[in-house]
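Each chain gets a letter, A, B and so on, in the order its sequence line appears, and its residues count up from 1.
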Number of protein chains: 2
Amino acid sequence: MARTTGSDGGRTEAAIREAAVDLFARRGYEAVTTRQIAAAVGVQAAALYRYFPTKEDLLFDLMRRHMEALIASWEAKRPDDPDPVARLSAFVDNHIRFHVERRHSTHVSNMELRSLSKERLSQVLRLRTAYEKELRAILRDGAESRRLTVDDVGLTAMAIIQMITGVIVWFRPGERLSVEEVARTYLAMTLRLTAAQEAREN
Amino acid sequence: MARTTGSDGGRTEAAIREAAVDLFARRGYEAVTTRQIAAAVGVQAAALYRYFPTKEDLLFDLMRRHMEALIASWEAKRPDDPDPVARLSAFVDNHIRFHVERRHSTHVSNMELRSLSKERLSQVLRLRTAYEKELRAILRDGAESRRLTVDDVGLTAMAIIQMITGVIVWFRPGERLSVEEVARTYLAMTLRLTAAQEAREN
DNA sequence: GAATTAAATGAACGCTTGTTTTATTAGCTG
DNA sequence: CAGCTAATAAAACAAGCGTTCATTTAATTC
């Protein structure tokens with residue numbers, strides 16, 4: 001056999017990405033074989049190499065897309081309001097919703113960094129740093145305007161990111177809590193953590 | 001050649017554990033080969049099998065020891081004081097110091113769970129749950145006595161654990177911040193996060 | 001409808017993997 | 001110093017790995 005009826009390159013490529021994210025997230029990049037990915041797609045392993053030069057290229061593609069989507073998501077929802085508390089709230093809300101919706105690719109992007117080559121690792125880390133910089137800027141503004149209590153901007157940014165990203169470890173949609181409840185509770189914790197002051201009319 | 005001069009089973013076994021933790025943490029369990037572990041010890045791969053039946057047994061041994069050491073550490077430092085704020089403070093302080101000191105085995109215990117067999121996974125998770133239960137009990141007591149503000153005990157426990165475990169991702173001893181400073185700042189954030197009320201003499 | 005391109009197969013390659021087997025030596029015991 | 005056991009080396013094992021290659025078929029183009 002060779003080309004199958006109804007086959008379409010675009011669909012196959014998308015199917016490879018989906019299968020790979022799912023398998024990498026569940027079993028880990030190193031533990032997943034190209035044959036397993038191919039089987040999930042319903043294709044032979046050799047077919048993967050029509051779309052991705054190597055297994056690592058596939059991993060990198062997934063990670064880069066994830067980070068770019070995260071940044072794009074924040075850019076779309078970043079409020080014009082300069083108020084640090086409003087911006088922090090929007091950041092936390094967007095972060096949680098995005099990560100809950102993309103548990104698998106988040107898992108891959110956070111856990112499989114060590115499987116990337118040096119150059120690709122730093123490419124992904126550059127995207128990640130750019131994103132985290134947004135949070136640090138909010139915290140710095142908030143600290144300067146005394147709307148937020150921040151002992152150390154870098155440390156607080158890391159603490160908040162770890163906390164709100166950690167939601168994907170235990171949260172399963174459709175169980176005890178809804179996304180709305182989780183987002184609300186995490187937001188409340190973040191605002192207490194930074195001792196956020198309500199905006200005052202004056 | 002065969003047995004080497006000065007060889008000692010006890011020392012070799014300890015060296016295998018050390019090398020394995022280090023390599024597993026840096027490159028991931030699946031990516032590390034038995035030959036790499038052996039090379040780090042200065043021994044042939046076959047020698048590992050005198051001490052650990054399989055590679056997975058070695059991983060499991062490291063994880064079980066890590067969790068047991070964590071629980072033992074908390075049991076040694078758990079205060080008699082029933083005050084929830086004092087207990088929460090002790091918990092956070094112990095957790096951070098323990099994890100900073102054992103970055104590598106923490107990494108392994110958190111990242112490589114999926115490489116364990118079903119039964120062993122649940123053994124490790126049982127230990128982890130027992131540890132987390134301590135935090136949940138503190139939060140519940142604190143909420144009931146109105147010393148702490150806790151919207152949801154389970155969710156808050158996860159948030160705090162993610163936050164204070166996350167320290168190992170970015171913290172490197174001997175850089176900008178000392179362990180003391182980090183522990184103090186994380187404690188302050190935790191107490192704000194739970195809106196902890198100072199103990200009052202009455 | 002012939003020629004071309006796109007999509008996929010199936011077999012194979014060279015290597016590496018975790019593990020086992022066998023043989024050999026070091027150090028201890030009596 | 002003979003005998004024993006613990007500790008290791010060395011070599012081999014079958015299985016599986018990522019990847020390549022020549023080939024075949026489906027769809028598209030002219």
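Ring orientation note: the planes of B:Y29 and B:F24 are nearly perpendicular, at an angle over 60° on the 30°/60° scale.
Minimum atom distance to the side chain of A:T12 is reached by C:dA8, of the listed C:dA8, D:dA7, C:dT9. Nearest nucleotide to the B:A46 side chain, out of C:dT9, D:dT20, D:dA11: D:dA11.
For the pair A:L62 and A:S105, the minimum side-chain heavy-atom distance is 4.5 Å or more.
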- Item | From CA spacing to verdict: side chain to side chain contact (heavy atoms under 4.5 Å, CB included), A:R128, A:M67 | CA-CA 7 Å; A:R128 177 195 270 209; A:M67 290 310 302; 3.8 Å; yes

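Heavy-atom distances under 4.0 Å link DNA chain D to A:V32, A:T33, A:T34, A:R35 of residues 27-36 of chain A, given in residue order.
When the C1' atom of D:dG18 is taken as reference, atom CZ of A:F52 falls 16 Å away, rounded to whole Å. One can place OH of B:Y49 at 18 Å from P of C:dT22, the figure rounded to the nearest angstrom. To the nearest angstrom, P of C:dT24 lies 16 Å from CZ of B:R50. As a whole-Å value, the separation of A:L59 CG from D:dG18 C1' is 14 Å. Taking atom CG of B:L48 as the reference point, atom C1' of C:dT17 lies 13 Å away to the nearest angstrom. When the C1' atom of D:dT19 is taken as reference, atom CD of A:E56 falls 14 Å away, rounded to whole Å. Put simply, NZ on A:K55 is 4 Å from P on D:dG18, counting in whole angstrom units. Between A:I37 atom CD1 and D:dG18 atom C1' there is a gap of 11 Å when expressed in whole angstrom units.
Between A:D57 and A:R120 there is a salt bridge, since a side-chain N of the basic residue sits under 4.0 Å from a carboxylate O of the acidic one.
At D:dT8, one or more side-chain N or O atoms of B:Y51 fall inside 4.0 Å of OP1 or OP2 (strictly under the cut-off). Taking only side-chain nitrogens and oxygens, A:Q44 never comes nearer than 4.0 Å to OP1 or OP2 of C:dA8.
Screening residues 177-192 of chain B for salt bridge (charged side-chain N to carboxylate O under 4.0 Å, His left out), with sequence neighbours left out, gives A:D151-B:R192, B:R97-B:E180.
When the shell of 6.0 Å around CZ of B:R172 is examined, it contains more than 12 heavy atoms from other residues, nucleotides or ligands.
Judged purely by atom type and a 3.5 angstrom limit, B:H99 uses its side chain to pair as donor or acceptor with the backbone of B:H95.
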